[in-house]
**Q** 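First the structure, which I've put down as structure tokens, then a few questions once you've had a look.
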Amino acid sequence: MGASASRGRPARVPAPEPEPEEALDLSQLPPELLLVVLSHVPPRTLLGCCRRVCRGWRALVDCQALWLLILARDHGVLLPLARSCLPPARDGRPSLLGRFCERRPIGRNLIRNPCGQGLRKWMVQHGGDGWVVEGNRSTVPGAPSQTCFVSSFSWCRKKQVLDLEEEGLWPELLDSGKIEICVSDWWGARHDSGCMYRLLVQLLDANQTVLDKFSAMPVPIQQWNNNVCFQVTHVFSNIKMGVRFVSFEHWGQDTQFWAGHYGARVTNSSVVVRARLS
């Protein structure tokens with residue numbers, strides 16, 4: 001019975017294997033259409049991966065047209081500023097706009113580690129018992145983290161030097177008179193100890209000669225202060241020709257000269273490059 005039943009069934013015919021789809025070769029697109037496609041790729045990927053595909057792609061990634069397209073779509077407010085300060089394009093050299101779009105230096109805080117994720121990115125000089133990181137005793141508005149650097153019974157110092165060209169700006173833009181540099185720092189005390197604080201911000205040329213500076217040394221905070229904190233701000237609005245670096249440096253110490261960490265508490269430091277409105 002079993003054998004006769006199997007003989008009566010129709011034989012199964014295997015389904016045909018689907019034909020492999022032909023891979024889409026973007027290089028076959030007209031250059032103007034490929035440019036539009038590439039403009040939707042993140043800038044970091046364009047510079048790190050797409051530029052290495054072939055000579056044709058490298059030429060597209062290096063040309064200004066791609067980055068002007070990206071700026072017009074994603075950062076339209078900055079397009080007139082960038083276009084007005086561009087030097088003549090040079091064959092064989094990547095467009096300056098590539099790093100500008102990747103790093104987004106306008107409107108971003110250029111200070112690394114502003115609130116105390118350890119002491120990384122800072123050049124530090126430890127006085128007394130040195131710098132430590134603690135939680136804020138008063139809320140600092142707008143800070144990415146409610147932590148701070150705490151100084152000791154002798155002057156403690158921290159410094160960062162920012163390379164503006166490395167951040168994505170270029171000489172013609174820096175010298176255009178169309179940008180300003182805004183600096184800010186928060187400092188305060190713990191309730192049971194007074195403290196002293198100092199800030200020094202310098203604009204430097206390519207040889208790190210000082211072209212302009214701002215300094216602040218406010219009146220010390222007295223003991224029994226209810227964990228008070230203050231913001232110090234300054235805007236460099238008439239930037240001299242040749243500025244290429246910003247040096248940001250601040251100090252703190254306590255006024256009781258107690259061992260440990262009772263000195264000025266600094267946090268949410270910022271250096272922001274903005275387009276001038278007029």
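What you see is a predicted model; the values in this text were computed from it and never measured. Atoms considered below: every heavy atom in the structure, side chains included; atoms not considered: hydrogens, waters and symmetry mates.
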**Q** Mind listing the closest non-hydrogen atom pair of His261 and Val150 along with its distance?
**A** O-CG1, 3.6 Å
**Q** Starting from Leu29, can I reach Val41 by hopping between I/L/V/M/F/W/Y residues whose side chains sit under 4.5 Å apart?
**A** yes
**Q** Check for a donor-acceptor pair, side chain of Ser138 on one end and backbone N or O of Asn227 on the other, with a separation under 3.5 Å.
**A** yes
**Q** Check Thr139 against Pro141 and note the closest heavy-atom contact, atom names and distance.
**A** O-CD, 3.6 Å
**Q** I'd like to know if the side chain of Ser84 and the backbone of Pro80 have a donor-acceptor N/O pair within less than 3.5 Å.
**A** yes
**Q** When you measure from the side chain of Arg137 to the backbone of Arg265, do you find a donor-acceptor pair of N or O atoms at a distance under 3.5 Å?
**A** no
**Q** Would you name the heavy atoms of Asn225 and Gln222 that are closest together and state the gap between them?
**A** ND2-O, 2.8 Å
**Q** Assess whether side chain to side chain contact (heavy atoms under 4.5 Å, CB included) is satisfied between Trp57 and Leu38, documenting all intermediate values.
**A** CA-CA 9 Å; Trp57 283 38; Leu38 291 177; 4.0 Å; yes
**Q** Between Asn207 (side chain only) and Thr209 (backbone N and O only), is there a donor and an acceptor less than 3.5 Å apart?
**A** no
**Q** Please round to the nearest 0.5 Å and tell me the distance separating atom NZ of Lys159 and atom CZ of Phe248.
**A** 12.5 Å
**Q** Nearest 0.5 Å, please: how far is NE2 in His40 from CZ in Arg73?
**A** 4.5 Å
**Q** On a heavy-atom basis, which atom in Ser193 and which in Tyr262 lie closest, and how many Å separate them?
**A** OG-O, 3.2 Å
**Q** Do Val201 and Ile181 have side chains that approach each other closer than 4.5 Å (heavy atoms only, starting at C-beta)?
**A** no
**Q** How many angstroms lie between atom CG of Leu68 and atom SG of Cys101, to the nearest 0.5 angstrom?
**A** 8.5 Å
**Q** Could you check if a side-chain atom of Met196 sits within less than 4.5 angstrom of a side-chain atom of Trp155, using non-hydrogen atoms only?
**A** yes
**Q** Answer yes or no: is there a donor N or O on one side and an acceptor on the other, between the side chain of Gln125 and the main chain of Cys156, under 3.5 Å?
**A** no
**Q** List the steps, then state whether side chain to side chain contact (heavy atoms under 4.5 Å, CB included) holds for Asn113 with Leu119.
**A** CA-CA 8 Å; Asn113 186 22; Leu119 292 170; 5.6 Å; no
**Q** Show the numbers, then the answer: is there a side chain to side chain contact (heavy atoms under 4.5 Å, CB included) between Arg276 and Asn238?
**A** CA-CA 10 Å; Arg276 294 189 65 179; Asn238 296 305; 3.6 Å; yes
**Q** Is the shortest heavy-atom distance from the side chain of Val133 to the side chain of Phe149 under 4.5 Å?
**A** yes
**Q** Shared ILVMFWY cluster between Val243 and Met241, side chains joined below 4.5 angstrom?
**A** no
**Q** Is any side-chain heavy atom of Glu167 closer than 4.5 Å to one of Val273?
**A** no
**Q** How long is the gap from OG on Ser269 to CG on Asp185, to the nearest 0.5 Å?
**A** 3.5 Å
**Q** State whether the side chain of Trp67 and the backbone N or O of Val61 hold a donor-acceptor pair below 3.5 Å, judged by distance alone.
**A** yes
**Q** Do Trp186 and Val232 come within less than 4.5 Å of each other through their side chains, counting heavy atoms only?
**A** no
**Q** Are side-chain heavy atoms of Leu86 and Glu172 found at a separation under 4.5 Å?
**A** no
**Q** Look at the side chain of Asp163 and the backbone N and O of Glu165, then say whether any donor-acceptor pair between them is shorter than 3.5 Å.
**A** yes
**Q** Mind checking who shares a hydrophobic cluster with Val161, ILVMFWY linked at side-chain heavy-atom distances under 4.5 Å?
**A** Met123, Leu204, Val210, Phe245
**Q** Has Trp131 got a side-chain atom pairing as donor or acceptor with Arg157's backbone, closer than 3.5 angstrom?
**A** yes
**Q** Please report the shortest heavy-atom distance between Cys115 and Ala143, naming the atom on each side.
**A** SG-CB, 4.2 Å
**Q** Name all pairs fulfilling the ring pair (Phe, Tyr, Trp, His ring centres under 6.0 Å) condition that reach into residues 95-120, sequence neighbours left out, sorted by first residue then second.
**A** Phe100-Trp170
**Q** Enter the distance from Leu169:CG to Leu110:CG here, rounded to the nearest 0.5 Å.
**A** 7.5 Å
**Q** So which heavy atom on Leu69 is nearest to which on Val36, and how close?
**A** CD2-CA, 4.1 Å
**Q** Would you say that Cys229 contacts Trp187 through its side chain, given a criterion of any heavy-atom pair below 4.5 Å between the two side chains?
**A** no
**Q** A quick test of your reading: do over 12 heavy atoms of other residues, nucleotides or ligands sit less than 6.0 Å from CZ of Arg103?
**A** yes
**Q** Taking side-chain hydrogen bond (donor to acceptor under 3.5 Å, both in side chains) as the test, write out the residues that go with Gln231, two or more places apart.
**A** Ser184
**Q** Counting neighbours of CE on Met217 that are heavy atoms of other residues, nucleotides or ligands and sit closer than 6.0 Å, is the number greater than 12?
**A** yes
**Q** Assess whether side chain to side chain contact (heavy atoms under 4.5 Å, CB included) is satisfied between Leu174 and Arg244, documenting all intermediate values.
**A** CA-CA 8 Å; Leu174 290 167; Arg244 299 295 181 265; 3.8 Å; yes
**Q** Among Arg51, Arg52, Arg99, find the residue that satisfies the salt bridge (Lys or Arg N to Asp or Glu O under 4.0 Å) test when tested with Asp62.
**A** Arg51
**Q** Are Val183 and Trp251 linked, directly or through intermediate hydrophobic residues, by side-chain heavy-atom contacts shorter than 4.5 Å (ILVMFWY only)?
**A** no
**Q** Is the CZ atom of Arg44 crowded by more than 12 outside heavy atoms at less than 6.0 Å?
**A** no
**Q** Please report the interatomic distance CD1(Ile221) to NE2(His191), rounded to the nearest 0.5 Å.
**A** 13.0 Å
**Q** Would you say CZ of Arg83 has more than 12 non-hydrogen atoms from neighbouring residues, nucleotides or ligands within 6.0 angstrom?
**A** no
**Q** Flag yes if Trp122 and Val132 sit in one hydrophobic cluster, no otherwise; membership is Ile, Leu, Val, Met, Phe, Trp, Tyr, and two members link when side-chain heavy atoms are under 4.5 Å apart.
**A** no
**Q** Is a side-chain donor or acceptor of Gln253 paired with a backbone partner of Ser151 at a separation under 3.5 angstrom?
**A** no
**Q** For the side chain of Arg112 and the backbone of Gln160, is there at least one donor-acceptor N/O pair under 3.5 Å apart?
**A** no
**Q** I'd like to check Leu46 versus Ile70 (side-chain heavy atoms, cut-off strictly below 4.5 Å). Are they in contact?
**A** yes
**Q** Is there a path of hydrophobic side-chain contacts, each under 4.5 Å between heavy atoms of I, L, V, M, F, W or Y residues, that connects Leu211 with Val246?
**A** yes
